[in-house]
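As C-alpha cells, the structure follows; a few thoughts come after it.
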Amino acid sequence: MAKISLDYYRQQNVVHLAKDLLGKYLFTRIDGQLTSGMIVETEAYNGRTDAACHAHAYKRTARTSIMYEAGGLAYVYLCYGIHHLFNIVTNQEEYADAVLIRAVEPVDGLDIMLARRGKSKPDNRLTAGPGSLSKALGINRSFYGESLDGNTIWLEDRNIRFSKGEIVETTRIGVDYAGDDAFLPWRFYVKDNPYISKK
DNA sequence: CTAACGATTCGCT
DNA sequence: GCGAATCGTTAGT
C-alpha cells in the first residue's frame with residue numbers, strides 16, 4: 001500500500017502541491033464499492049493572498065472553517081445547487097489553502113462509476129470536470145471534513161511522475177469574480193490527457 | 001427572514 | 001454556442 005500520509009498535505013506551498021498531485025491516485029470505498037482514478041487536473045487556492053479562494057483574507061465561515069485545519073482533510077461543497085466539488089485541504093493549521101481536483105482518469109470500479117453517472121458506456125466525460133469526478137467516485141457533502149488518512153477516501157502514490165514538458169500551467173476556470181487573481185497560473189493538467197475538463 | 005449567487009454540466013439549437 | 005437546472009451558503013434587512 002502506497003497511501004499518502006498526512007504530512008504530505010501539510011506542505012506549505014499549495015501551488016507546488018497542486019502540481020505534484022498530478023499522477024497521484026484518488027480512491028473511495030463506499031459500502032465496499034472501490035473506485036479510483038489518476039489525478040490529471042488540479043487548481044491551487046491560497047486563503048491568505050488569493051481572491052478566488054472561498055477563505056480569502058481570513059474569511060472564516062461555517063463552510064470555509066475546514067480549510068483552517070491542518071492539511072489532509074476533504075473540503076466538499078455544493079456548487080450551483082447541483083455539483084459537489086472535491087478539494088484537499090493543505091498547509092498547516094490557520095493557513096486556509098486547498099487544491100481543487102478537477103479531473104481524474106478512471107482506474108478502478110469502472111462499472112460502478114458508470115452507474116453513478118447514469119452512463120452505459122465509458123467516454124472521455126466520465127470523470128472529466130470537478131462535478132463529474134465527484135459523482136463518479138460517490139463524493140458528496142457528507143465527505144466534508146473527512147480525513148484522507150482513513151478508509152473511505154484516500155490517495156496513493158504509484159510512482160507516476162510527469163516531466164516539465166508533460167504538464168500544462170494555465171489560468172483557473174470559473175473564477176472571473178477574483179479580479180487580477182483570476183489570471184494566476186494556478187491550474188495544472190497533464191498535456192494531451194483525454195480526461196481534462198476543457199481544452 | 002429574504003434574496004442573490006455560484007471553483008458546473010448537459011442538452012438542445 | 002447558449003441557457004436552464006437547482007439549493008446551500010452568505011450577507012444584508
For [X] and [N], what is the distance between atoms [atom1] and [atom2] respectively, to the nearest whole Å?
X	N	atom1	atom2	value
D123(A)	dT9(B)	CG	P	13 Å
F86(A)	dT8(B)	CZ	C1'	17 Å
D176(A)	dC5(B)	CG	C1'	14 Å

Tell me, which of residues 16-28 of chain A have any heavy atom that sits under 4.0 Å from an atom in DNA chain C?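 Output list: empty, so none.
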
Which ones in residues 65-82 of chain A lie close to DNA chain C, meaning a heavy atom under 4.0 Å from one of its atoms? L78(A), Y80(A), G81(A), I82(A)

From [X] [atom1] over to [Y] [atom2], what is the distance, rounded to the nearest 0.5 angstrom?
X	Y	atom1	atom2	value
I101(A)	L21(A)	CD1	CG	5.5 Å
T90(A)	Y8(A)	OG1	OH	10.0 Å
D123(A)	R117(A)	CG	CZ	7.5 Å

Is T171(A) close to L184(A) at the side-chain level, that is, under 4.5 Å between some pair of heavy atoms?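 Result no, sub-4.5 Å side-chain heavy-atom pair not found.
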
Any heavy-atom pair between the side chains of P106(A) and M113(A) that's under 4.5 Å?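 Contact flag for M113(A)/P106(A) side chains = yes.
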
If you group Ile, Leu, Val, Met, Phe, Trp and Tyr whenever their side-chain heavy atoms sit less than 4.5 Å apart, what else falls in with [X]?
X	value
I173(A)	none
Y80(A)	none
Y177(A)	Y45(A), I66(A), M67(A), L73(A), Y75(A), Y77(A), L85(A), V89(A), L100(A), Y144(A), V175(A)

Heavy atoms within less than 4.0 Å of DNA chain B: which residues of residues 40-59 of chain A have one? Give them sorted by number. Y45(A), A52(A), H54(A)

Taking Watson-Crick and G-U wobble pairs with both distances under 3.5 Å, convert DNA chain B into its dot-bracket string, 5' to 3', dots for unpaired and | for cross-strand pairs. ||||||.|||||.

Enumerate the residue pairs fulfilling ring pair (Phe, Tyr, Trp, His ring centres under 6.0 Å) with a member in residues 22-44 of chain A, sequence neighbours excluded, ordered by first and then second residue. F27(A)-W154(A)

Hey, could you give me each pair passing salt bridge (Lys or Arg N to Asp or Glu O under 4.0 Å) that has a residue in residues 60-80 of chain A? Not counting sequence neighbours.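 Output for this query lists R60(A)-E94(A).
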
Tell me what [X] touches on the nucleic acid: a base, only sugar-phosphate, or nothing, going by heavy atoms under 4.0 Å.
X	result
A178(A)	nothing
R172(A)	nothing
L85(A)	sugar-phosphate

Short N-O contact, [X] and [Y], less than 4.0 angstrom:
X	Y	answer
D50(A)	R172(A)	yes
R187(A)	E169(A)	no
E156(A)	K24(A)	no

Quiz question: by atom type and distance under 3.5 Å, do the side chains of T28(A) and T35(A) form a donor-acceptor pair? yes

Tell me, yes or no, whether the heavy-atom count around K191(A) atom NZ, taken from other residues, nucleotides or ligands under 6.0 Å, exceeds 12. no

Between N91(A) and Q11(A), is the side-chain hydrogen bond (donor to acceptor under 3.5 Å, both in side chains) condition met? List the steps. CA-CA 5 Å; N91(A) 210 332; Q11(A) 296 176 59; over 6 Å; no

Does anyone know the first and last nucleotide of DNA chain C in reach of chain A, 5' to 3', at under 4.0 angstrom to a heavy atom?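 Range of nucleotides touched by chain A: dA5(C) to dA11(C).
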
Side chain to side chain donor-acceptor pair (under 3.5 Å) involving D181(A) - partner list, sequence neighbours excluded: none

Taking OP1 and OP2 of dG6(B), is either one under 4.0 Å from a side-chain nitrogen or oxygen of Y177(A)? no

In terms of hydrophobic clustering (I, L, V, M, F, W, Y; side-chain heavy atoms under 4.5 Å; direct or indirect links), are Y58(A) and Y95(A) co-clustered?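 No, Y58(A) and Y95(A) fall in different hydrophobic clusters.
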
Below 3.5 Å is the cut-off: list the nitrogen or oxygen pairs between protein and nucleotides 10-13 of chain B, distance only.
from	atom 1	to	atom 2	distance (Å)
dC10(B)	OP1	R117(A)	NH1	2.8
dC10(B)	OP1	R117(A)	NH2	3.0

